[in-house]
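Proteins get letters first, then strands, A, B, ... in listed order; numbering begins at 1 in each. Quick note: numbers below take in every heavy atom, side chains included, and nothing from hydrogens, waters or symmetry partners.
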Amino acid sequence: AQKVTQAQTEISVVEKEDVTLDCVYETRDTTYYLFWYKQPPSGELVFLIRRNSFDEQNEISGRYSWNFQKSTSSFNFTITASQVVDSAVYFCALNQAGTALIFGKGTTLSVSS
Amino acid sequence: DAGVIQSPRHEVTEMGQEVTLRCKPISGHNSLFWYRQTMMRGLELLIYFNNNVPIDDSGMPEDRFSAKMPNASFSTLKIQPSEPRDSAVYFCASSYIAGSRQSDTFGSGTRLTVV
C-alpha cells in the first residue's frame with residue numbers, strides 16, 4: 001500500500017526564517033513520483049514540483065528547495081527566508097504514472113511579520 | 001488556456017436534495033480525477049477517468065455518489081440524496097498521461113454545504 005505522512009500538522013515562523021516541511025512516504029513500487037502542492041487561504045491547489053524516483057538530485061527554485069532521499073523515503077521541502085505570502089497548507093503527494101495522487105494530511109505554515 | 005473549470009464554486013443545499021458538480025478539463029488532457037477534501041480525511045480520490053472511461057471508483061463513498069464523463073470536455077459528480085456529511089470541497093483535476101509523463105492541474109474546487 002502507498003502512504004504519505006506529513007508529521008508536522010502546523011508550523012509557525014517569523015518572516016525571514018528558514019523552514020523545512022517534512023514528508024515521508026511508503027511504497028513498494030520502484031517507479032513512482034513525488035509531488036508538493038500549495039493550498040493558499042483562497043483554497044486552490046497550486047502545483048510546486050514533481051520528482052520521479054530515479055532522480056535524487058536536489059532541486060532549487062528561488063527560495064524553494066527540495067531534498068529527496070530514497071534511503072529514508074523522504075522528500076522534504078525547505079523555504080528559505082520565509083515571507084508572509086508563504087502562509088498556506090502544503091501537501092506532499094505520491095503516485096505511480098497514470099494513477100491518482102495519494103496525499104499526505106498537509107502541513108499548515110503560518111508566517112508572521 | 002483557461003485551466004480546469006469547476007462549477008459552481010459554492011453550493012448550499014438541503015439534506016435530501018440532489019447535487020450536481022461540474023468539471024471542464026483542459027483541452028487535450030486524457031485523464032480526469034475527482035477528489036474530496038475534508039478536515040477529517042484530508043484530500044482523497046473519489047474516482048478517475050482515462051479517455052472518458054472510469055478506471056478506479058474505489059473511493060466513491062456509496063451508491064449515493066455517481067460520476068459520468070460523457071465526452072472529453074465534460075464530467076459531472078452527482079450526489080443523490082445529499083447528506084450533511086457530504087459537506088466538503090470537491091476538486092476536479094485533469095492530466096495528460098502518456099507513458100511516464102503526467103501533469104495534473106486542479107480546478108478551483110466546489111465548496112459544498114449540506115444543511
Just wondering, more than 12 heavy atoms not from B:D63 lying within 6.0 Å of its CG? no

Give, for atom CG of B:N50 and atom OG1 of A:T99, the distance between the pair rounded to the nearest 0.5 Å. 11.0 Å

How long is the gap from CZ on B:F91 to CD on A:Q39, to the nearest 0.5 Å? 5.0 Å

Among the clusters formed by ILVMFWY side chains lying less than 4.5 Å apart, do B:F33 and B:V89 turn up in the same one? yes

Considering residues, nucleotides and ligands other than A:I60, do more than 12 of their heavy atoms fall under 6.0 Å from its CD1? no

May I ask whether B:F106 and B:L77 are part of the same hydrophobic cluster, defined by side-chain heavy atoms of I, L, V, M, F, W, Y residues being less than 4.5 angstrom apart, directly or through others? no

Heavy-atom contact with chain A under 4.5 Å, split by part of B:Q37: side chain

Between atom CG of A:L101 and atom CG of B:D104, what is the distance when rounded to the nearest 0.5 Å? 4.5 Å

Neighbour count >12 (heavy atoms, 6.0 Å) for atom NZ, B:K68: no

Heavy-atom contact with chain B under 4.5 Å, split by part of A:N52: neither

Decide if atom NZ of A:K70 counts as having more than 12 heavy atoms of other residues, nucleotides or ligands within a radius under 6.0 Å. yes

Part of B:D56 within contact of chain A (heavy atom distance under 4.5 Å): neither

Would you say CZ of B:R111 has more than 12 non-hydrogen atoms from neighbouring residues, nucleotides or ligands within 6.0 angstrom? no

A:F91 portion near chain B, given a 4.5 angstrom heavy-atom threshold: side chain

More than 12 foreign heavy atoms under 6.0 Å from CD of A:Q57: is that the case here? no

Derivation and outcome, side chain to side chain contact (heavy atoms under 4.5 Å, CB included), residues A:Y37 and B:L43: CA-CA 12 Å; A:Y37 282 84; B:L43 272 159; over 6 Å; no

Reported CG-to-OG1 distance for the pair A:L45 and B:T105, which is rounded to 0.5 angstrom: 11.0 Å

Under 4.5 Å heavy-atom distance to chain A, tell me which part of B:M39 shows up: side chain, backbone, both or neither. neither

Donor-acceptor pair, B:Y35 side chain versus A:A100 backbone, under 3.5 Å? no

